[in-house]
Structure formats: structure tokens, C-alpha cells
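Here's the structure we're looking at; comments come further down.
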Amino acid sequence: MEPNYPLHLPDFYIGDPAPAYRDLRRNSPVHWTSANGGFWGITRYEDIKFIGSRPHLFSSAKGVLMPDGKPRTADPRPMLITTDPPRHNALRKLISKGFTPRHVNAMEPDIRAIVRGVLDSAEAGVELEYAEGLVAKVPVRIIADLLGAPAEDWEQFRAWSDASVGSADPGITLTSQEAFGALTTYFRRLIELREQRRANDLISILMDAEVDGESLSHDELMSFLHLLLVAGNETTRNLIALGTIALVDHPEQLRMLVEDPSLIPSAVEEMLRYVSPVTHMTRWATEDVELRGRSIREGQAVVLLYGAANRDEDVFGDTAEQFDVTRRPNPHLAFGTGEHACLGLSLARLEARVFFEEFLARFDRVELTGEVLRMRSTMVPGVRTMHVRLGAASGKAPVR
């Protein structure tokens, strides 16, 4: 009998989907779910790479979120994430002007200063709320600073970002539409200010970006700013919080990082693989396609389950289900694959590396003191509440 899992529900992702993923990889790697209008769940690494590298067969234009059963048409907004080639390639070239290695590397001192400022509020031996009270402050401040938004707006940014991805969560009072409207008004004001006078920020860089005589339109810039706030904030925050839980669950791995901080970059890669902060992206078949003996029909949705692919035994071997901070090579798909691989992956890696360098230089023990509550989202089921008690590291200086 074919497996039956509720891939369309947030509760599936905030539990432990690993056993279900393992079953699906073995017994139904291209799996039909009839809920929400029907879609195919893709769980094998090789198949996700195949789909992600063929935008002519599997389009992003109808949206990348979990199918909801409503009729889908092409997204009228010129968003990088829902644009197919050749326009996608042109947009990506323009936007990448703001994420060159030189620009990203130059951000490290500011990122380190933000992380240190946040960690200054944490005290060893005292119970604190880690997810919202500590971790969530880091990426949203970095993104807001990157955009040139004043510090007094940082917390408002966080509320809008939460509402954009977690509208199914009972702790969020704004609807995603309300958050989108508020962000649109706010970004419009920032753009108007930069039109009057450029500044040393990402908005100014993107406004001046030009490739082959072409620049970003106002709508394209606005759409990317929306994407950056949500993707750059929620995914990195989820990575750090869930990565910390992985360290708590594997104290021997935490000890290795405390004793040898040079392992932190590979630990970040393993966190990305093991927790898969973005659970999926959706594509839409542009014609009939056969995959592993299953017939995917034109117009049907295929949901690329990155968390399943990142535990694929054919790629990661007998230790695919284990958390190993020394894992090399680690060709995970946490940042997606193909045309739509995450544009900000270098920035996300930098933020996570700097956070754990600074955090583990101050605290060498993390103890959960209560239940971990997750955000009800199918795409980014982050940590909403996580109470911890930290143990102070003895006499170690932060990594420079």
C-alpha cells in the first residue's frame, strides 16, 4: 500500500518528518498527494536536481508556495523567485551586483558588531527566551541595516516578516496581505529617499546596477526588497535556532565546536543539510513528464522536498540521518538548486558562521528549559519559543 502523509499541512513539518521522508524515498519517491488540488511530492536528491535544472519543463511562474487548491496563474509581480528564464537570468545578473564577494565580505565587521550587541543581553546561568529574544534579532537587524533602514524600525521589520510567512500561526495577528501592504509603503519611502540622495546601502547599489544597458524597474526593485526581507530574515533565523537545537541534541558535536572553532564553517553546512530551514519549493509542469515511472501531467504541481533530499542515502551514505559537524563533502540542497539557487547564500553562511563563532566563544553549554514551540508554516516552520539556560565559556576570546 502506498504511503499516505499530510505533506500539505504545517504540523507535518513542525514534527519530525525524517521517518516519513525515509519511507517516501524508499517506497514512493514521486508521491501523489490528492489534498489541496493535488500535487507531486519529490523526495530524491537526484530528482530534485533534475527538476531544478530544467525550468523549461518545470516553471516557477505560478508561485513557489505549497499548493492550496486554488487556481494558479502566472504571478503578475516581477519577482526573481517566480520568474523563469530568460527574464530570470537578466534579473539575477542585475540583483547579484549587490551580493558580490567583495560586498558580502565587507559586511563581516558590521555583522559581527550586530551579533555582539545582541549577545550582550544574554547572561550565563539565567533562563532566557532564545528564539525571539536573541536569535530573531540578528538577521532582521542585518537585513534592515543592509537596506539602510533606521534602527528604530528593526522590530517593525520583524513583525512584517513573520506575518509574511507564518499567517497560519496563531501567534501572528497581521495577515500576509496586511504585512505586504505595510512593507510596500515602507519600501516605497526608502526608494524615494534614495532617489533624492544615494547612500552606502543595498537599495542604492541596486538602483545603480546595470547589465547590458538594462537596469531594474521600480516594480522589480520593490519585489526583490520584499523577497530579501522574508528570505534573508526568516531562513537564517530558522537555521540558527534549529541548528542550536541540533547541537543540544548532539552534545558531543557541540563540544567539538567549542574545542575547535575552525569546524564552525563545516558545522554551518551540516546544520543547513540536517535541519533544511526551507522545507520546499514548488514548480509547475509545462508539459507531460515521466519520472520514476510516474506520469506528471502538464499543469500539475511538483513540490521539491529539500529536507528529504538532504537525507538521501544515495548521496550522504549510511550516515545520512546523523548530525556530523565534520561532514565533507556536503553537497546539500538547502539553498535550492539550478536557476533558482539562493542568491544570498554567501550572506546566510556568513551570518550563521559569525553568530556561532561569537556565541560559542561566550557560552559552551546550552540547556533547554522548556518545550520548543514551532511556527505553523509549511515552508519555513521556524522556532517561535525556545527557553534555554546558557553556560559560560572559560576564558576564550571570540574568533576573529
Side-chain angles (χ1 to χ4, degrees), residues 14 16 18 111-112 114-116 118-139 235-277 307 310-311 316-330 332 334 348-374 381-400:
I14 65 178
D16 179 14
I111 290 174
R112 201 170 289 279
I114 288 172
V115 171
R116 287 175 176 171
V118 169
L119 291 179
D120 283 346
S121 66
E123 185 178 347
V126 177
E127 182 176 309
L128 60 91
E129 202 294 302
Y130 184 79
E132 286 292 318
L134 210 63
V135 174
K137 295 178 180 179
V138 172
T235 57
T236 307
R237 160 184 168 185
N238 200 13
L239 165 63
I240 294 173
L242 291 177
T244 302
I245 293 174
L247 292 176
V248 172
D249 290 341
H250 301 84
E252 77 288 352
Q253 302 292 307
L254 173 60
R255 179 53 48 192
M256 290 171 66
L257 297 185
V258 170
E259 294 176 353
D260 184 3
S262 70
L263 292 173
I264 289 175
S266 66
V268 169
E269 297 305 309
E270 180 67 344
M271 291 172 188
L272 283 160
R273 182 194 76 88
Y274 191 77
V275 307
S276 297
N310 284 337
R311 305 282 184 100
F316 300 100
D318 294 340
T319 64
E321 299 282 1
Q322 298 174 19
F323 180 66
D324 177 8
V325 299
T326 67
R327 187 183 300 274
R328 290 192 181 95
N330 195 344
H332 61 77
R349 284 181 166 125
L350 176 61
E351 290 181 44
R353 173 177 64 80
V354 169
F355 180 89
F356 283 108
E357 284 174 353
E358 295 292 335
F359 179 77
L360 295 176
R362 300 182 187 214
F363 309 106
D364 61 6
R365 297 181 305 283
V366 185
E367 173 194 357
L368 290 176
T369 59
E371 181 183 3
V372 175
L373 297 180
R374 301 285 296 274
V383 178
R384 187 151 59 93
T385 305
M386 174 181 169
H387 289 273
V388 304
R389 185 175 293 108
L390 307 175
S394 55
K396 291 180 63 178
V399 177
R400 304 295 183 191

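Keep in mind that what you see is a predicted model, and the values were worked out from it rather than measured.
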Worksheet item: Do T244 and V366 pass the side chain to side chain contact (heavy atoms under 4.5 Å, CB included) test, and can you show the C-alpha distance, the side-chain angles, and the key distance before you say yes or no?
Response: CA-CA 8 Å; T244 302; V366 185; 4.2 Å; yes
Out of curiosity, [X] [atom1] to [Y] [atom2], how far, rounded to the nearest 0.5 Å?
X    : Y    : atom1 : atom2 : value
T385 : E129 : OG1   : CD    : 5.0 Å
D249 : Q253 : CG    : CD    : 11.5 Å
L368 : R389 : CG    : CZ    : 11.0 Å
R349 : L272 : CZ    : CG    : 7.0 Å
F323 : L254 : CZ    : CG    : 9.5 Å

Discussion item. Test of understanding: with side-chain contact (heavy atoms from CB on, under 4.5 Å), list the residues that count as partners of T236, not counting sequence neighbours.
Written reply: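 In terms of side-chain contact (heavy atoms from CB on, under 4.5 Å), with neighbours along the sequence ignored, T236 is linked to P139, I240, A348, E351.
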Can you name the nearest heavy-atom pair linking [X] to [Y], along with the distance?
X    : Y    : value
V325 : S266 : O-OG, 2.6 Å
P381 : N238 : O-OD1, 3.9 Å
L134 : S121 : CD1-OG, 3.7 Å

Practice prompt. Indicate the ring-plane relationship of Y130 and F355, choosing parallel, tilted or perpendicular according to the 30° and 60° boundaries.
Written response: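 Ring orientation, 0 to 90° scale: perpendicular.
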Worksheet item: With distance as the sole test, does E367 use its side chain to make a donor-acceptor pair with the main-chain N or O of L390 at under 3.5 Å?
Response: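 Not confirmed, E367 side chain does not pair with L390 backbone.
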Worksheet entry | Whether E270 side chain and R327 backbone form a donor-acceptor pair below 3.5 Å |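 Between the backbone of R327 and the side chain of E270 there is no qualifying donor-acceptor contact (under 3.5 Å).
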Item to complete: Determine, for R255 against E252, whether the closest basic-nitrogen to carboxylate-oxygen distance falls under 4.0 angstrom.
Response: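 Judged by the 4.0 Å cut-off on N to carboxylate O distance, R255 and E252 do not form a salt bridge.
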Practice prompt. Run the salt-bridge test on E269 and R328 with the 4.0 Å N-O cut-off and return the result as yes or no.
Written response: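 Between R328 and E269 there is no salt bridge, as every charged N stays at least 4.0 Å from the carboxylate O atoms.
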Discussion item. Using side-chain heavy atoms (C-beta onward) and a distance below 4.5 Å, is R273 in contact with R311?
Written reply: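 When only atoms from C-beta onward are counted, R311 and R273 do touch, with a gap below 4.5 Å.
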